[in-house]
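Chain letters run A, B, ... following the sequence lines, proteins first, then strands; residues in each count from 1. We use all heavy atoms of the structure for the numbers below, so side chains are in, but hydrogens, waters and symmetry mates are not.
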Amino acid sequence: MAADLKFAKTHEWVRSEANGVNTVGISSYAVEALTDLVFMQLPPVGKKVKAGESFGEIESVKAVSDLYAPISGEIVEVNTALPGKLETLGKDPYGEGWVVRIKADNPAELDNLLDRGAYESLVGSQPH
Amino acid sequence: MPVSSTLLETPLVGWHAAHGGRMVDFAGWRMPVQYASIVEEHLATRRAAGVFDVSHMGRLTIGGAGAVDWLESLLTRRVSGIEIGRVRYTLVTSDAGDRPVVLDDALVSRDTDAPDGTARLALVVNASNRERVVAWLTSRLPRTGVTFADRTFETAMIAVQGPLAMTAVCGLCKPADATRIQSLGNYRATSAVVAGHPAAVSRTGYTGEDGVELVVDAGAAVSLWEAMYAAGESLGMRACGLGARDTLRLEAGMPLYGHELREETDPSAIGLDLAVNLEGRSFPGASHYAALRNHPSGRVRVGLRFDSKRSAREGDAVMLGERQVGVVTSGSFAPTLGTAIAMAMVDRDAAAPGTILDGVIRDTRQPATVTPLPFYQRDKQRA
């Protein structure tokens with residue numbers, strides 16, 4: 001995984017782009033742990049989200065999981081191709097498998113997220 | 001979720017862990033929910049074969065001169081007159097409280113007679129209900145004439161299911177045993193030597209596919225499992241966890257205790273009339289179930305087929321317009337069908353096949369069509 005990513009404990013990743021926009025996706029660890037993905041619900045563009053609150057859902061054969069916003073802001077872009085091609089999440093979780101782009105209300109919130117090393121030690125200590 | 005070390009384990013727990021099994025607490029047992037993909041395990045069982053560790057199921061044996069009459073007085077299916085080698089699906093009911101309750105559903109079978117000519121019978125019960133079924137039956141045990149033992153921990157149980165299951169199992173037997181297993185009818189059992197191990201072999205299962213369930217001594221489990229796996233791999237066989245077992249039984253429209261079938265369930269309402277033989281019988285609750293059959297009321301079990309892959313889950317409301325007409329008892333994406341399916345208990349006036357209902361999935365309504373069960377039926381011509 002790329003070094004410029006930050007992670008939420010709830011397994012979403014964030015990459016800061018230009019103009020305060022942040023791309024958000026789901027970590028490869030989480031995708032692998034979920035397995036057998038069948039459905040994804042994404043928010044509309046323009047929706048306001050708060051850090052830590054659910055902005056969408058992902059469903060596997062066994063269970064439904066929430067997707068949590070890692071930062072507060074406005075959804076400015078949604079990967080609308082993704083729900084029809086969920087295998088992309090497994091094939092390219094940090095690229096084509098991006099989920100939404102959020103315009104941050106407060107870029108300082110990014111400092112609350114884990115860096116790559118901290119996230120890896122978090123998931124390394126968790127059994128699947 | 002970390003799995004507590006106090007869980008019960010089958011003799012195959014080491015194999016599961018070594019082969020990527022994701023171990024979970026299931027009814028107090030440390031069991032694999034899946035190895036890699038539930039969908040792939042499910043489809044392998046439909047297309048070729050799946051091998052399942054079902055050793056967590058309770059295996060009880062009943063013997064002695066009074067064994068047949070005693071079980072006859074306790075089970076909803078007739079036991080008197082049961083032929084050697086016959087397996088019957090039955091309910092275990094009790095009337096110890098104010099009203100009868102369904103304690104479990106089970107398979108009862110009659111083995112070959114003991115050397116002294118007395119009958120030997122076996123019950124296979126759900127892991128979640130084993131302890132209370134054992135306690136209930138023990139409380140009803142007569143002073144003499146019946147022996148009753150819980151052999152769950154001395155034995156293991158392996159299910160081999162799918163269109164190539166019989167090929168895989170018979171390939172591990174000498175010709176005479178292979179021929180006898182091949183000629184077993186459904187719900188018939190025999191004993192045979194499989195991969196060198198004496199096994200009770202029954203043509204039963206919980207997937208909607210052809211296949212067998214094997215009971216062997218606990219010490220033979222790993223050897224039999226590895227032989228089966230080695231023989232089956234080239235046929236496309238996969239080891240399957242409880243996740244695939246659940247999606248397979250759901251497609252096959254089979255009720256699961258604790259979901260479709262509960263203590264207070266009217267068996268008629270979930271399509272289990274054939275599991276309750278009332279003709280001249282007096283098992284616990286017989287008159288209660290006879291009255292229910294004569295005066296049907298309450299909700300009935302239906303199949304729901306969704307247009308989407310998104311599934312309603314247990315406990316989700318089922319709506320007809322603005323009226324709640326039922327509750328989902330089991331639901332999942334169905335790998336063979338490619339859409340979500342569910343079973344639900346719904347009001348009788350909403351239960352006709354073709355009725356469009358809504359499952360309420362996290363505040364979103366998802367339309368579903370009432371569909372006759374089972375959702376999936378194997379092509380029996382193929383066998």
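Within residues 32-41 of chain B, the residues that have a heavy atom under 4.5 Å from a heavy atom of chain A are B:V33, B:Q34, B:A36, B:S37, B:I38, B:V39, listed by number. Within residues 16-26 of chain A, no residue has any heavy atom closer than 4.5 Å to a heavy atom of chain B. Residues of residues 68-89 of chain A placed with any heavy atom under 4.5 Å of a heavy atom in chain B are absent; none qualify. Within residues 51-61 of chain A, the residues having any heavy atom under 4.5 Å from a heavy atom of chain B are, by residue number, A:E57, A:E59, A:S60, A:V61.
Between A:Q41 and B:R362, every side-chain heavy-atom pair lies at or beyond the 4.5 Å cut-off.
Distance alone, capped at 3.5 Å, places no donor-acceptor pair between the B:R310 side chain and the A:M40 backbone.
Across B:S311, B:G243, B:S332, the residue that shares the most heavy-atom pairs under 4.5 angstrom with chain A is B:S311.
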